[in-house]
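What you are looking at is a predicted structure, and each value in this text was computed from that prediction instead of being measured.
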Amino acid sequence: MNSRLLLLLLLVYTVLGLYGLRLWQLQVVEYEQYATQSQGNYVRTEPITAPRGRIFDRNGKLIADNRMAVDLVYKGGEVEFKDRILALLGLSELPQPERGQEVIVKANLPEALIPTLAELTAGQKNLLLKERLERSYPRPIAGSVLGYVQLANAEQVKQGYDPDELVGVAGLEGGLENSLRGTRGARLVEVNARGERIRSQVIHPPIPGQDVYLSLDYDLQKAAEKALADSLEDLHKGRKRYGLPLDQKPKGAIIAVDPRSGEVLAMATAPTFDPNLFARRPTPRREIQQLIGDPDRPLFNRAVLPYAPGSTFKLVTSSVLLEKGYATPGTTYACTAAFTVGRFTMRNWAQRDMGPMTVKEAIANSCNTWYFQSVWNAPPGSAPLVDDIAARAKELGIGRPTGLEIPERSGFLPTRAWKRATFDEPWYPGETLSVAIGQGPVLATPAEIARMLTTIAMSGRQPELHLVRRIGSTPVQPRITQVPGTHWSDLQAGLRQTVTEGTASFQMKDFPVPTAGKTGTAEIPGKRMGLSHAWYMGYGPTVPGDPHPPLVVVAFFENGGEGSGVALPAAKKVMAAFWKVDTGAPAQPSPPQPSPPPPSAARP
């Protein structure tokens, strides 16, 4: 064979080899790439919305869940069996979508209609049944505590949410969004040339959000909500006494805490709303607008809003006086009807002289003038003492986050530096007198008052408050600190005497479980007598070895009148529900009535 023939054969075999190599590359090495491009003409990827995590109470009772809802969606154009479909739905005509959009003909189709509609819409590209996940609350608790969900808005879609994805708003739904939100999945959907779905295949299953177990006890939660609702009669008694118009609904909050762990067992607020309202489709816009515009602010969680704390704050002042050595457990002042500073007179709630008192009796009888005298005579002077009060209040848990997993506002603690920076004025000694009894610019939330009382009841052991026990399989481990102090027993003795002999004795003296507590009535500048904020904070049992589990309860009523008249009975009902005791008829006589409100502490 001559050389030319050999060369030609070599060339032919080389070309064939190159073609074979390229064929192998296309069919084996690059198969996935070109197969995908080929299928792109009739296969598309669709996201699969992940279910939100469920929410349970501490005993496993389901509070928030997900349900599959089915909507009938119309894309415009010709529709087969139109008259029959409209008759089934009770409609006269199909709504018209905007160009390139789709419109929901009927949301939340009844289960009985779905099989028939599935048959009538099969193969129709302009009219189809569409599944979606919907949040449901089989055991709804106060909406402003639980929160609610809404469809992702434009900004949230930019952040990675799907347009059909539900997002937690406010309360626990919002505060636990990162845990409750799942991870979307994906499916491949095969369609024909007319855009009709032929088959689908899940390629990435959605990962549900984590289930959350709350510290709340559903039964105690409902008891607290009922105590708020049932307080209207007590509120009306106070209003009638002062000739004030009656309220249509109470405004307030009740929080119950296990002082050992900081677990919140109940957090009720009123007025409130059913979170199912926001989960409904189509969205009931008129009802939601009415809710938003309601002057009683049902969307607010009053348990985490700051208010004047009134006499509950006297425990802070008592602690400062004792721990700083400005007073001793035996320091005695006369509980007079009034205390005069220069040209100004500040009054006690009682119009008579109540006799000599120590700090224990001053707490029990809520004696304003004992505190006025103790603060005025404190070695650093009345003005500098306000800084000590602010520092101690913060240690006890006021004016800083409590640890709750929901958005909360903190209370406010005035100082000399704050007034100078805000008003360019010095702090006057008389202003400290108001702060000492929980009046003036000082503010605290019911949750902060609960944390303060927890700290006192546990002799300085201070757990963070929390509403969550477990996220998924991970238990919550709250931070616990020890607040310095050596006079916890003196504060506890005063709180106990409040119940046995003081301002709460008419209700709590014979309560089946031994408790301690403090009433509070915070006068509001510009408000008539009878419209003060009403407080009661209590805990028990106070006797070592008592078999009942420990509990702290704080009840607050906005413009509720006297604390002993409305907040105390409400807190008592929650305690009775928790300890499962029968309290019988309300004790008599009626609570002591205050004199007209004292004027604000002024510059001497």
Taking it one step at a time, do F372 and V341 satisfy side-chain contact (heavy atoms from CB on, under 4.5 Å)? CA-CA 10 Å; F372 296 154; V341 179; over 6 Å; no
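- Under the 3.5 Å distance criterion, with hydrogens and angles disregarded, no donor-acceptor pair is assigned to the side chains of T445 and E408.
- Counting heavy atoms from C-beta on, the side chains of E233 and K237 come closer than 4.5 Å.
- Partner of E464 under the salt bridge (Lys or Arg N to Asp or Glu O under 4.0 Å) criterion, chosen from R451, R479, R400: R479.
- E448 places a side-chain N or O within 3.5 Å of a backbone atom of G399 that can act as its donor or acceptor partner.
- Closest approach of A224 to V574, counting heavy atoms only: CA-CG2, 3.8 Å.
- Proximity of a side-chain donor or acceptor of T515 to a complementary backbone N or O of G540 within less than 3.5 Å is not detected.
- Using modelled atom types and a 3.5 Å distance limit, the side chains of T340 and T345 yield a donor-acceptor pair.
- Sparse packing is recorded around NZ of K360, with 12 or fewer heavy atoms of other residues, nucleotides or ligands lying under 6.0 Å away.
- Contact record, P309 with G438: CD-O, 3.5 Å, taken as the closest heavy-atom pair.
- Summarising the geometry of F278 relative to L291, their closest heavy-atom pair is CE1-CD2, 3.7 Å, with the distance given to 0.1 Å.
- Residues in residues 542-551 take part in these side chain to side chain donor-acceptor pair (under 3.5 Å) pairs, two or more places apart or across chains: D546-H548.
- W579 places a side-chain heavy atom less than 4.5 Å from the side chain of P549.
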Apply the test side-chain contact (heavy atoms from CB on, under 4.5 Å) to residues F300 and T269: give CA-CA distance (whole Å), side-chain angles for both, the deciding distance (0.1 Å), then the verdict. CA-CA 8 Å; F300 287 13; T269 179; over 6 Å; no
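- Counting heavy atoms from C-beta outward, V359 and T331 have side chains that stay 4.5 Å or more apart.
- Within a 6.0 Å radius of CZ in R409, no more than 12 heavy atoms belonging to other residues, nucleotides or ligands are found.
- Using a 4.5 Å heavy-atom cutoff, the side chains of P550 and R260 are in contact.
- Rounding to the nearest 0.5 angstrom, the gap separating the CG atom in D57 from the CD atom in Q221 is 9.5 Å.
- To the nearest 0.5 Å, atom CE of residue M267 and atom CG of residue L146 are 12.0 Å apart.
- Of the options I398, I449, I437, a side chain to side chain contact (heavy atoms under 4.5 Å, CB included) to F313 is made by I398 and by none of the others.
- Taking the side chain as every heavy atom from C-beta outward, F412 and P306 never approach each other to under 4.5 Å.
- In this structure the side chain of E562 reaches within 4.5 angstrom of the side chain of R241, judged on heavy atoms.
- Of the possible polar contacts, one joining the H236 side chain to the D247 backbone as a donor-acceptor pair under 3.5 Å is found.
- With rounding to the nearest 0.5 angstrom, the CD1 atom of I255 is 6.0 Å from the CG atom of L404.
- Using a cutoff of 4.0 Å between basic side-chain nitrogens and carboxylate oxygens, R58 and D217 are not scored as salt-bridged.
- Of the N and O atoms on the side chains of E361 and T358, at least one donor lies less than 3.5 Å from an acceptor on the other residue.
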Could you please spell out the steps behind the side-chain contact (heavy atoms from CB on, under 4.5 Å) verdict for K573 and V553? CA-CA 10 Å; K573 291 174 183 176; V553 177; over 6 Å; no
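- In this structure, the separation between CG on L228 and OG1 on T272 is 10.0 Å, given to the nearest 0.5 Å.
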Please assess D219 against K61 for the test side-chain contact (heavy atoms from CB on, under 4.5 Å), listing each intermediate value before the final yes or no. CA-CA 10 Å; D219 293 335; K61 292 183 178 179; 3.0 Å; yes
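- In this structure, the side chain of S532 engages the main chain of G561 through a donor-acceptor pair within 3.5 Å.
- Between Y148 and Y137, the gap from one ring centroid to the other reaches at least 6.0 Å.
- Among residues at least two apart or in separate chains, disulfide bond (SG atoms under 2.5 Å apart) pairs with a member in residues 352-411 are C335-C367.
- Side-chain contact between I363 and Q497 is absent, with no heavy-atom pair separated by less than 4.5 Å.
- T454 has its side chain out of reach of Q462: every pair of non-hydrogen atoms, C-beta onward, lies at least 4.5 Å apart.
- With rounding to the nearest 0.5 angstrom, the CZ atom of R470 is 11.0 Å from the CG atom of L214.
- Judged purely by atom type and a 3.5 angstrom limit, K518 has no side-chain atom pairing as donor or acceptor with the backbone of L315.
- Under a 3.5 Å cut-off, the side chain of S434 and the backbone N or O of E431 do not form any donor-acceptor pair.
- Across all non-hydrogen atoms, the minimal contact from S374 to Y333 is OG-CE1, 3.2 Å.
- Taking the six-membered ring where the residue is Trp, F56 and Y213 present parallel rings, their angle staying beneath 30° rather than reaching 60°.
- A side-chain donor-acceptor contact under 3.5 Å links Q492 and S459.
- Put simply, the side chain of T519 never gets that close to the backbone of G563: no donor and acceptor are under 3.5 Å apart.
- Considering all non-hydrogen atoms of both residues, P463 and R461 come closest at CD-O, 3.4 Å.
- With S215 contributing its side chain and H466 its backbone, the two residues share a donor-acceptor pair below 3.5 Å.
- Here the CZ-CG distance, from R139 to D65, works out to 10.5 Å after rounding to the nearest 0.5 Å.
- Comment: D294 engages K249 in a salt bridge, judged by a side-chain N to carboxylate O separation of less than 4.0 angstrom.
- A donor-acceptor contact shorter than 3.5 Å links the side chain of E405 to the backbone of L467.
- The number of heavy atoms from other shown groups lying within 6.0 Å of NZ (K394) does not exceed 12.
- The aromatic rings of W535 and F556 sit tilted, their planes meeting at an angle between 30° and 60°.
- Residues S231 and V566 approach most closely at CB-CG2, 4.1 Å, considering heavy atoms.
- Between the W370 side chain and the M357 main chain, a donor and an acceptor come within less than 3.5 Å of each other.
- Counting only residues at least two apart or in different chains, side chain to side chain donor-acceptor pair (under 3.5 Å) contacts with residues 305-318 comprise Y307-E558, S311-K314, S311-S366, K314-S366, K314-N368, S318-Y371.
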